Trainee: 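Mind having a look at this structure? Questions to follow.
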Amino acid sequence: MEMYLPIKHVHMLTAYITAFLFILRLVLDALGKTGWRQTPLRWLPHVNDTILLLMAVSLIALANLPVFGLPWLVIKIVLLFGYIIAGVFAMNLKRPKQVRVIAAVLALAQLLFIFHLAVAKPMLW
Ligand code: HEM
């Protein structure tokens with residue numbers, strides 16, 4: 001259990017890196033600099049997100065958290081799927097620009113909500 005806090009801090013650090021790398025790629029695409037797909041920026045977010053999720057699962061296992069008894073956690077996981085789907089659309093250059101912009105806004109809104117739930121941990125039911 002003494003590992004809980006260090007793991008939570010790695011989870012938090014990777015969460016902030018996730019947001020930074022997502023926004024960075026959106027900005028680069030918006031500036032027409034789509035070449036990041038041929039740089040480490042293509043795979044770096046996946047490595048970071050894998051660590052983020054591994055740390056999340058470790059936290060749940062370590063603290064024996066009742067996932068379905070914690071509304072903020074359930075909604076966080078649902079929003080994570082929504083964020084991933086919207087993110088895939090936002091990054092897909094084959095999609096029309098309008099679709100990508102709407103998807104980017106939806107992805108960012110969900111990411112923001114995930115951060116809010118993580119910090120506020122509201123008990124909704
Ligand atoms: C993009 C996805 C995610 C982001 C941005 C994120 C962000 C965060 C942040 C910022 C915290 C620290 C909150 C605080 O200040 O106390 C946190 C804590 C936590 N997150 Fe996540 N998280 C994400 C995904 C997940 C997922 C998918 C799970 C579960 C499967 C999860 C489980 C947890 C747990 C158990 C804690 C610790 C709560 C505590 O002890 O205070 N997170 N998350």
Side-chain angles (χ1 to χ4, degrees):
M1 198 57 183
E2 79 265 22
M3 285 306 288
Y4 189 85
L5 258 190
I7 291 177
K8 180 172 154 173
H9 286 140
V10 176
H11 178 70
M12 288 168 71
L13 178 67
T14 48
Y16 295 124
I17 294 174
T18 286
F20 173 73
L21 291 178
F22 183 61
I23 293 167
L24 177 65
R25 286 174 293 162
L26 287 180
V27 170
L28 288 173
D29 274 351
L31 295 173
K33 299 185 187 301
T34 56
W36 61 262
R37 289 170 177 79
Q38 280 78 51
T39 72
L41 208 46
R42 183 182 183 87
W43 51 263
L44 212 59
H46 298 302
V47 175
N48 180 69
D49 293 351
T50 305
I51 299 171
L52 172 92
L53 290 179
L54 283 177
M55 295 304 119
V57 173
S58 306
L59 288 174
I60 290 170
L62 265 180
N64 225 340
L65 292 177
V67 176
F68 294 106
L70 297 170
W72 62 271
L73 202 47
V74 175
I75 301 172
K76 209 174 152 184
I77 294 168
V78 172
L79 285 173
L80 176 72
F81 282 105
Y83 162 69
I84 292 171
I85 293 167
V88 167
F89 273 81
M91 299 276 159
N92 188 342
L93 294 178
K94 290 185 194 133
R95 304 270 169 202
K97 192 163 183 181
Q98 234 183 353
V99 172
R100 280 165 43 209
V101 170
I102 293 169
V105 171
L106 284 176
L108 285 172
Q110 290 179 97
L111 192 58
L112 209 65
F113 200 20
I114 290 176
F115 272 103
H116 169 69
L117 288 172
V119 175
K121 301 184 186 66
M123 288 305 288
L124 301 169
W125 64 75

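Atoms within each ligand, like the ligands themselves, are counted from 1 in listed order. These figures come from a predicted structure and were not determined experimentally.
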Trainee: If the plane angle is over 60° it's perpendicular, under 30° parallel, otherwise tilted; pick one for Phe115 and Tyr16.
Mentor: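 If you compare the ring of Phe115 with that of Tyr16, the planes turn out parallel.
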
Trainee: Among all the protein's non-hydrogen atoms, which is closest to atom 30 (C) of ligand 1, and how far away is it?
Mentor: Ile60 CD1, 3.6 Å

Trainee: Please determine if Tyr16 has a nitrogen or oxygen closer than 3.5 Å to a nitrogen or oxygen of ligand 1.
Mentor: no

Trainee: Counting only nitrogen or oxygen atoms and a 3.5 angstrom limit, does Trp72 reach ligand 1?
Mentor: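 In this structure, Trp72 places no N or O atom under 3.5 Å from an N or O of ligand 1.
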
Trainee: Considering non-hydrogen atoms only, spot the tightest contact between Ala118 and Lys76 and give its length.
Mentor: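 Heavy atoms only, the tightest pair is CB-NZ, 3.6 Å.
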
Trainee: Note the single closest protein heavy atom to atom 35 (C) of ligand 1, along with its residue, its atom name and the distance in Å.
Mentor: Leu65 CD1, 3.5 Å

Trainee: Can you sort out which atoms of ligand 1 are near Leu53, meaning under 4.0 Å from one of its heavy atoms?
Mentor: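 Matching atoms, with element in brackets: 27 (C).
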
Trainee: Give the numbers and elements of all ligand 1 atoms closer than 4.0 Å to a heavy atom of Leu52.
Mentor: 1 (C), 2 (C)

Trainee: May I ask you to check whether Lys76 brings an N, O or S atom to under 2.8 Å from atom 21 (Fe) of ligand 1?
Mentor: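 Under 2.8 Å: Lys76 contacts atom 21 (Fe) of ligand 1 through an N, O or S atom.
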
Trainee: Any nitrogen or oxygen of Tyr4 lying under 3.5 Å from a nitrogen or oxygen in ligand 1? Just yes or no.
Mentor: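 N/O-N/O distance below 3.5 Å exists for this pair.
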
Trainee: Which residue owns the protein heavy atom closest to atom 12 (C) of ligand 1, what's the atom, and how far is it?
Mentor: Met12 CG, 3.3 Å

Trainee: Among Leu111, Val119, Ile114, whose heavy atom sits nearest atom 3 (C) of ligand 1?
Mentor: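 Shortest heavy-atom distance from atom 3 (C) of ligand 1: Ile114.
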
Trainee: Atom 34 (C) of ligand 1: which protein heavy atom is closest, and how many Å away?
Mentor: Leu59 CD1, 3.8 Å

Trainee: Check whether any side-chain heavy atom of Asn92 sits under 4.5 Å from a side-chain heavy atom of Val88, and report yes or no.
Mentor: no

Trainee: Where is the nearest protein heavy atom to atom 9 (C) of ligand 1: which residue, which atom, and how far?
Mentor: Ala118 CB, 3.5 Å

Trainee: Could you walk me through whether Lys33 and Val27 pass the side-chain contact (heavy atoms from CB on, under 4.5 Å) test, one step at a time?
Mentor: CA-CA 9 Å; Lys33 299 185 187 301; Val27 170; over 6 Å; no

Trainee: Give the contacting part of Tyr83 toward ligand 1: side chain, backbone, both or neither, where contact means a heavy-atom distance below 4.0 Å.
Mentor: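 For Tyr83, there is no contact with ligand 1 at all, from either part.
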
Trainee: Looking at Leu21, is its backbone amide N or carbonyl O close enough to the side chain of Arg25 to form a donor-acceptor pair, meaning the two atoms are under 3.5 Å apart?
Mentor: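 Checked: pair present.
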
Trainee: Give a yes or no on whether the backbone of Leu5 and the side-chain of His9 come within a donor-acceptor separation of less than 3.5 Å.
Mentor: yes

Trainee: Is it the case that more than 12 heavy atoms not belonging to Arg42 sit under 6.0 Å from its CZ atom?
Mentor: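 No.
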
Trainee: Mind checking whether Met91 and Leu31 sit in one hydrophobic cluster, side chains of I, L, V, M, F, W, Y counted as touching below 4.5 Å?
Mentor: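 Linked within one cluster.
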
Trainee: Only heavy atoms of Ala15, strictly under 4.0 Å: list the atoms of ligand 1 that pass.
Mentor: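 Listed by number with element: 4 (C), 5 (C), 6 (C), 7 (C).
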
Trainee: Provide, to 0.1 Å, the distance between atom 28 (C) of ligand 1 and the closest protein heavy atom, together with that atom's residue and name.
Mentor: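 Result: Ala56 CB, 3.4 Å.
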
Trainee: Of all the non-hydrogen atoms in the protein, which one sits nearest to atom 41 (O) of ligand 1, and at what distance?
Mentor: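 Result for atom 41 (O) of ligand 1: Lys8 NZ, 2.7 Å.
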
Trainee: Where is the nearest protein heavy atom to atom 18 (C) of ligand 1: which residue, which atom, and how far?
Mentor: His11 CD2, 3.6 Å

Trainee: For ring-ring contact (aromatic ring centres under 6.0 Å, His included), just list the numbers for Tyr83 and Phe22, CA-CA rounded to whole Å, side-chain angles, deciding distance to a tenth of an Å, and then say yes or no.
Mentor: CA-CA 11 Å; Tyr83 162 69; Phe22 183 61; 5.3 Å; yes

Trainee: With atoms numbered from 1 as shown, which atoms in ligand 1 lie under 4.0 angstrom from a non-hydrogen atom of Leu80?
Mentor: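 Close to Leu80: 1 (C), 2 (C), 27 (C).
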
Trainee: Does the side chain to side chain donor-acceptor pair (under 3.5 Å) test come out yes or no for Thr14 and Asp49, once each step is laid out?
Mentor: CA-CA 7 Å; Thr14 48; Asp49 293 351; over 6 Å; no

Trainee: Only one of Leu52, Ile114, Leu13 forms a side chain to side chain contact (heavy atoms under 4.5 Å, CB included) with Thr18, so which one is it?
Mentor: Leu52

